[in-house]
Amino acid sequence: MKSGDIEQLKREALAEATAASSPEDMERVRIKYLSRKGLLSGIMKELKTLAPDERASAGRIANELKHELSVIIESGSTKRESGSGAAVAGHDLTLPGRWPALGTMHPISMVINEVVRILGKIGFTVAEGPDIETKYRNFEALNTPDHHPSLDARDTFWLESGELLRTQTSPVQIRVMENCRPPVRIITPGRCYRRDTTDATHSANFHQIEGLYVDTSVSLADLKGTLSYLAQELMGPNVGVRFRPHFFPFTEPSVECDFSCHVCNGRGCAVCKQSGWIEIAGAGMVDPRVFRKVGYDSSMVSGYAFGMGVERIAMIKYGIRDIRMLYENDLRFLREFA
Ligand code: PHE
């Protein structure tokens, strides 16, 4: 027997003790090496037969084996006694665990959650519709005739079934009104699709939040009040709104709604392109023809609707220069929103 053999035995003993996964395993290791008839006591007897210098080094390794093995066995049993239940030899179960990295909220989700929270406070509830829509709900019921350019295959993704990927969240207005009697007060966040070539401000896939309020005497002033409240809650207390005349087939009158620039307070800066205003939403009073399509009596009810681009709001609010950053999933960018 040489000290190299004892060294080898020591390695095996420590490995077995470390791998022991139950008290029974550990006890087996103890008996194998440390009991009276165990391997270590055999070695101790053989030491006497060795030459003096060999005996010294072999004896030292044998003592190390005994000591280190005892420590491992002992620490396993104190852990069991201290109640950790699943004590595993060689592992300190009392150490705090490692936290898995926490994800962060995507800026698009942040804007949607914020708008849902703000408008929820004044009674709007969330309604959702499918991404695949019928031509009827995306266009016809919204008073958009077949010859309207937005139906063109260069603008809309048509499916072989004759259905399409919705180009706006407005068809959810139709779905809700088909199924509920007035009053209706909903917002509908969701994905939309248009055949736009991607660049810094366009994406073929984007998000809108639609709002619809129908009741017995809703006016344009209510629309302006709601959007002013939203502007201030979302962008800051000094932000105002203005309406510019516009056209949408499903609202009459129609407007485009601008928020005053939250960065320069309307004085003019790079964000608002020196105009002091930022275009945020399309809106207007629901056209009576739309009410007729869903079976509402347009002499009894009136309503407003608005639709805004979520990416646009996120870019303005968080100073994001390129819409593509919202889709690239670059963790360095996403972590800025922790
Ligand atoms: N759906 C319109 C768009 O995508 C926005 C809009 C919604 C306009 C509701 C008026 C009323 O441009």
Side-chain angles (χ1 to χ4, degrees), residues 108 111-112 115 119 124 126-131 133-145 148-152 154-157 164-177 184-196 201-215 218-227 230-231 241-259 278-291 293-294 296 298 301-314 323:
I108 289 179
V111 169
I112 291 176
V115 172
L119 292 178
F124 284 85
V126 173
E128 284 180 320
D131 291 16
E133 262 300 354
T134 58
K135 177 183 163 211
Y136 175 76
R137 290 203 184 88
N138 196 84
F139 292 121
E140 272 169 53
L142 290 164
N143 196 35
T144 311
H148 193 277
S150 60
L151 273 80
D152 195 294
R154 278 168 297 184
D155 285 321
T156 296
F157 290 105
L164 49 86
L165 296 180
R166 67 178 175 195
T167 60
Q168 50 191 355
T169 40
S170 305
V172 188
Q173 290 186 33
I174 303 297
R175 288 180 174 272
V176 171
M177 288 192 285
V184 165
R185 197 186 278 143
I186 50 129
I187 40 174
T188 76
R191 272 177 198 276
C192 303
Y193 306 81
R194 288 184 200 171
R195 273 191 188 273
D196 276 334
T201 54
H202 293 86
S203 163
N205 177 207
F206 57 97
H207 297 73
Q208 285 189 338
I209 301 176
E210 190 93 1
L212 173 71
Y213 176 37
V214 183
D215 208 334
V218 180
S219 74
L220 203 63
D222 295 317
L223 172 62
K224 200 163 183 184
T226 300
L227 291 177
L230 175 64
V241 306
R242 75 171 180 188
F243 284 172
R244 281 176 292 108
H246 200 72
F247 175 81
F248 295 104
F250 37 91
T251 45
E252 182 58 37
S254 300
V255 295
E256 271 193 325
C257 173
D258 300 339
F259 288 4
I278 300 171
E279 187 190 314
I280 294 287
M285 301 306 293
V286 180
D287 193 302
R289 287 183 216 202
V290 175
F291 282 146
K293 292 274 190 195
V294 295
Y296 281 14
S298 61
V301 293
S302 55
Y304 64 67
F306 57 85
M308 52 203 170
V310 178
E311 281 77 356
R312 201 173 150 66
I313 295 175
I323 197 170

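Whatever order the structure lists ligands and atoms in, that order sets their numbers, starting from 1.
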Practice prompt. Evaluate the side-chain contact (heavy atoms from CB on, under 4.5 Å) criterion for residues Thr251 and Asp287: first the C-alpha distance (whole Å), next the side-chain angles of each, then the deciding distance (0.1 Å), finally the verdict.
Written response: CA-CA 5 Å; Thr251 45; Asp287 193 302; 5.7 Å; no
Worksheet item: Glu210 heavy atoms, cut-off 4.0 Å: which ligand 1 atoms fall inside?
Response: 7 (C), 9 (C)
Item to complete: Give the contacting part of Ala283 toward ligand 1: side chain, backbone, both or neither, where contact means a heavy-atom distance below 4.0 Å.
Response: backbone
Practice prompt. For Thr156 and Ser150, indicate whether the former's side chain and the latter's backbone hold a donor-acceptor pair under 3.5 Å.
Written response: yes
Practice prompt. Quick one: look up the protein heavy atom nearest atom 12 (O) of ligand 1 and list residue, atom name and how far away it is.
Written response: Phe248 CE2, 3.7 Å
Practice prompt. Considering the heavy atoms of Gly307, write down every atom of ligand 1 situated less than 4.0 Å from one of them.
Written response: 6 (C), 7 (C), 9 (C)
Worksheet item: Going by the order shown, which atoms of ligand 1 are within less than 4.0 Å of some heavy atom of Ser170?
Response: 1 (N), 7 (C)
Item to complete: Applying side chain to side chain donor-acceptor pair (under 3.5 Å), name anything that partners Thr134, two or more places apart in sequence or on another chain.
Response: none
Discussion item. List ligand 1 atoms under 4.0 Å from Ala305, heavy atoms only on the residue side.
Written reply: 9 (C), 11 (C)
Item to complete: Identify the protein heavy atom lying closest to atom 1 (N) of ligand 1, giving its residue, its atom name and the separation to 0.1 Å.
Response: Gln168 OE1, 2.8 Å
Worksheet item: Is atom CZ of Arg195 surrounded by more than 12 heavy atoms (other residues, nucleotides or ligands) closer than 6.0 Å?
Response: yes
Discussion item. Can you confirm, on distance only, whether ligand 1 has an N/O atom lying under 3.5 Å from any N/O atom belonging to Gln173?
Written reply: no
Fill in: Gln168 (side chain) donor-acceptor with Cys192 (main chain) under 3.5 angstrom
no
Worksheet, complete the sentence: among protein heavy atoms, the one nearest atom 6 (C) of ligand 1 is Gly282 O, 3.7 Å
Worksheet item: Looking only at heavy atoms, is any part of Phe250 under 4.0 Å from ligand 1, and if so is it the side chain, the backbone, or both, or is it neither?
Response: side chain
Worksheet item: Looking only at atom types and distance, does a side-chain atom of Gln208 sit under 3.5 Å from a main-chain N or O of Thr169, one as donor and one as acceptor?
Response: yes
Worksheet entry | Side-chain donor or acceptor of Arg175 paired with backbone N/O of Arg137 under 3.5 Å | no
Discussion item. With a heavy-atom distance limit of 4.0 Å, tell me whether Arg166 approaches ligand 1 through its side chain, its backbone, both, or neither.
Written reply: neither
Item to complete: Please state whether the rings of Tyr304 and Phe124 are parallel, tilted or perpendicular, taking 30° and 60° as the class boundaries.
Response: tilted
Worksheet item: Does a side-chain N-to-carboxylate-O contact under 4.0 Å join Arg194 and Asp155?
Response: no
Worksheet item: Which atoms of ligand 1 sit under 4.0 Å from any heavy atom of Gln208?
Response: 3 (C), 4 (O)
Practice prompt. Please verify whether a non-hydrogen atom of Met285 lies at under 4.0 Å from ligand 1.
Written response: no
